[in-house]
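Comments concern the structure below.
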Amino acid sequence: MSDPKCDIGVIGLGNMGRNLVLNLADKGFTVGVYNRTTEKTDEFMSHEAGGRSIQAGRTLREFVDLLEPPRSVLLIVSAGKAVDAVIDELTPLLGESDLIIDGGNSHFSDTDWRAAKVEKLDLGYLGMGISGGEEGARHGPSLMPGGHKQAYDRVHYILEKAAAQVDGEPCVTFLGSGSAGHYVKMVHNGIEYAFMEMIAETYDLLHRGAGLGPEQLAPIYRGWSQGELGSYLLEITARIFEVKDPQSDHFLVDMILDQAKQKGTGKWTSQDAMELQEPTPTIDGAVSMRNLSVHGQLRQQLEERLGRSEPVQIEPERLSSLLESALYTGLILTFSQGMALLAGASRKYEYGLKLEEVCRIWRGGCIIRAKLLERLRLAYQDRPDLPCLLLDHELGEQVRSGAPALREVVSLAAASGIPAPGLMASLAYLDAMRSEHLPTNLVQAQRDFFGGHTFERVDREGVFHHQWQQSRGSV
Ligand code: NDP
């Protein structure tokens with residue numbers, strides 16, 4: 001008797017795909033798999049799939065035939081051209097109402113046109129962000145699907161079982177139409193860049209500033225991760241400081257080149273935020289710092305030529321306590337930027353996002369999971385159309401009381417010559433957002449002076465232009 005047909009198919013047996021397949025099989029689903037390089041399929045089937053209800057196709061035709069119609073096919077291949085290559089090869093083999101789910105980090109605008117192209121063939125399409133890395137994929141990621149609700153309803157029971165669970169709820173929901181899922185994943189990654197940058201800045205202040213080594217840093221970060229800053233990124237940071245280099249006598253972190261790579265999702269967040277005119281200065285600063293970090297030789301040359309400031313001495317225990325508070329405040333301010341961007345994008349692209357649900361599915365499984373997200377969820381539950389997180393009473397109070405520590409840390413970093421653009425941008429965002437008056441009246445005057453771009457007045461309606469050159473010197 002032949003094997004029963006599979007509940008779902010997965011194309012791509014890379015780091016994420018392999019782990020998701022094992023996760024799906026362990027949750028009781030029969031899974032069909034296919035990978036372009038057949039050696040990888042063979043290796044996976046003989047070394048990892050062991051005893052689970054997983055069947056492999058060596059060709060795409062074989063793979064498609066393994067699946068129960070209407071078929072659901074999850075793509076976890078490299079973002080970009082690979083997704084199109086697979087879709088072009090796959091679609092002629094699929095039948096009406098079959099569904100393709102792109103689970104990679106596709107740019108949201110690609111998802112829009114790909115969905116239109118695939119749906120024209122009477123096939124379903126979902127763009128689904130996945131977060132949690134390999135570990136999340138294996139044991140329960142946060143899943144961010146978007147597209148047509150009917151398509152989601154076809155596979156929701158599979159996704160809900162595969163996702164991380166928090167308080168008995170799966171970290172997945174239908175997020176909204178079109179590319180909503182990939183947009184939310186992109187902003188998730190933007191926030192991730194910002195949080196990582198600010199953590200790195202606290203490390204710099206404690207390490208280069210206060211002279212603490214990894215063995216002293218590990219308990220500090222572990223302590224923070226057990227308090228209100230509880231989060232995946234702080235947990236792994238504490239673990240990183242404990243790891244010795246197997247190839248030397250040093251801690252591994254000290255042997256890693258200080259040049260950060262990126263795959264683009266943080267940059268995309270900043271790019272689209274600029275497009276939508278939504279301020280995300282902490283995320284922008286984090287992307288710029290990664291870009292700056294790769295100029296290692298130039299940095300060395302400039303340090304030799306220009307020198308560096310001497311770090312201001314501060315008692316490490318007090319510094320650590322200031323940093324904990326500053327980082328927590330910076331994290332709220334970063335979420336405030338990211339959530340405002342999501343609200344703006346939802347209006348512009350008509351996603352229909354529910355921000356409470358976004359916070360809910362980020363509470364587990366994903367890289368930015370943090371205790372704070374439950375507080376954020378409650379803020380949107382109280383007021384789904386909250387225009388700015390800082391207007392929530394409790395979050396506003398937390399930021400107000402954390403601001404002095406953030407300001408002291410920023411001053412200390414500036415005085416010590418330690419770059420802290422993430423924390424600095426967070427503070428500037430706060431100070432600007434709570435300024436009834438900004439100096440942008442002068443910017444408007446300058447624009448009108450050199451370009452006749454006009455300005456509005458504080459005392460009457462309308463649009464005005466002034467002949468600035470002619471009134472030079474007049475009072
Ligand atoms: P890997 O590099 O580990 O695997 C890439 C997979 O894509 C392989 O199966 C590869 O097949 C396949 N592939 C590449 N090019 C083609 C092509 N032209 N045609 C067919 N198949 C192709 O990537 P990951 O598993 O890490 O990532 C997969 C997706 O998930 C990406 O979009 C990534 O951004 C996203 N993602 C990754 C996370 C992570 O932590 N790694 C977290 C969240 C999302 P072959 O073996 O034949 O080369």
Side-chain angles (χ1 to χ4, degrees), residues 9-24 31-45 47-49 54 56-64 73-91 93 100-111 114 126-146 159 162-164 171-172 179 181-193 196 232-233 236 260-269 361-362 364-369:
V10 175
I11 296 183
L13 292 173
N15 296 323
M16 291 297 282
R18 281 198 317 276
N19 284 296
L20 265 170
V21 170
L22 296 175
N23 176 5
L24 288 163
V31 192
V33 300
Y34 170 81
N35 193 70
R36 176 184 59 171
T37 309
T38 38
E39 290 76 31
K40 267 199 201 163
T41 312
D42 295 342
E43 199 184 307
F44 175 76
M45 290 306 288
H47 292 108
E48 291 185 76
I54 300 172
R58 292 178 67 80
T59 64
L60 266 182
R61 173 85 266 167
E62 263 179 46
F63 164 79
V64 167
V73 180
L74 177 56
L75 311 186
I76 318 265
V77 297
S78 314
K81 289 194 182 111
V83 179
D84 295 311
V86 174
I87 289 176
D88 288 346
E89 237 190 297
L90 178 68
T91 45
L93 306 175
I100 297 177
I101 309 164
D102 173 15
N105 275 338
S106 293
H107 191 280
F108 72 94
S109 61
D110 290 343
T111 299
R114 279 182 193 135
L126 287 174
M128 181 170 78
I130 303 182
S131 177
E134 294 177 44
E135 188 68 13
R138 179 67 185 88
H139 300 291
S142 174
L143 299 173
M144 296 157 245
L159 302 181
C171 291
V172 60
S179 52
H182 277 138
Y183 199 95
V184 169
K185 173 67 200 305
M186 177 185 80
V187 175
H188 164 287
N189 284 23
I191 294 169
E192 173 187 308
Y193 272 53
M196 289 167 74
Y232 172 76
L233 282 169
I236 65 164
K261 302 277 189 292
Q262 52 188 314
K263 286 196 169 166
T265 42
K267 178 186 76 180
W268 298 344
T269 308
I361 66 166
W362 282 352
C366 67
I367 306 297
I368 62 168
R369 88 166 150 71

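What you see is a predicted model, and the numbers here were worked out from it, not measured in a lab. Counting convention: from 1, in listed order, for ligands and their atoms alike.
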Which of the atoms of ligand 1 are close to [X], meaning less than 4.0 Å from one of its heavy atoms?
X	answer
L13	9 (O)
V86	19 (N), 20 (C)
K185	43 (C), 44 (C)
G12	9 (O)
G133	40 (O)
G104	29 (C), 30 (O), 32 (O)

Does ligand 1 have a heavy atom under 4.0 Å from the side chain of [X], from its backbone, from both, or from neither?
X	answer
E89	neither
K40	side chain
N105	both
I130	backbone

Any idea which protein heavy atom is nearest [atom], and the distance to it?
atom	answer
atom 4 (O) of ligand 1	G14 CA, 3.4 Å
atom 14 (C) of ligand 1	S78 OG, 3.3 Å
atom 3 (O) of ligand 1	N15 N, 2.9 Å
atom 15 (N) of ligand 1	A82 CB, 3.4 Å
atom 47 (O) of ligand 1	T37 OG1, 2.5 Å

Side chains of [X] and [Y] in contact at under 4.5 Å (non-hydrogen atoms):
X	Y	result
W362	M144	yes
M128	I130	yes
D110	V83	no
V73	I11	yes
H182	H107	no
M45	V33	yes
L233	M196	yes

Which is closest to [atom] by heavy-atom distance: [options]?
atom	options	value
atom 13 (N) of ligand 1	D102, I367, V77	V77
atom 48 (O) of ligand 1	R36, R18, K81	R36
atom 41 (N) of ligand 1	E134, M16, K263	M16

Got an N/O contact under 3.5 Å between N35 and ligand 1?
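Checking ligand 1 against N35, an N or O pair does fall under 3.5 Å apart.
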
Would you say atom 45 (P) of ligand 1 touches the protein, meaning some protein heavy atom is under 4.0 Å from it?
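Given the 4.0 Å limit, the answer for atom 45 (P) of ligand 1 is yes, a protein heavy atom qualifies.
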
When you measure from the side chain of H188 to the backbone of Y183, do you find a donor-acceptor pair of N or O atoms at a distance under 3.5 Å?
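A pair under 3.5 Å: no.
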
Between T59 (side chain) and E62 (backbone), is there a donor-acceptor pair under 3.5 Å?
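Yes.
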
Look at ligand 1 and say whether S131 reaches it with a heavy atom at a distance under 4.0 Å.
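So S131 does not count as touching ligand 1.
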
Apply the test side-chain contact (heavy atoms from CB on, under 4.5 Å) to residues I54 and F44: give CA-CA distance (whole Å), side-chain angles for both, the deciding distance (0.1 Å), then the verdict.
CA-CA 10 Å; I54 300 172; F44 175 76; 4.1 Å; yes

Using 30° and 60° as the class boundaries, would you call the ring planes of Y34 and F63 parallel, tilted or perpendicular?
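Rings of Y34 and F63: tilted, 30 to 60°.
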
Can K263 and N105 be counted as having a side-chain donor-acceptor contact under 3.5 angstrom?
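Not at all, the side chains of K263 and N105 share no donor-acceptor pair under 3.5 Å.
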
Does either side chain, that of D102 or that of S106, offer a donor lying less than 3.5 Å from an acceptor on the other one?
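Yes, because at least one side-chain N or O of D102 sits under 3.5 Å from a partner of the opposite role on S106.
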
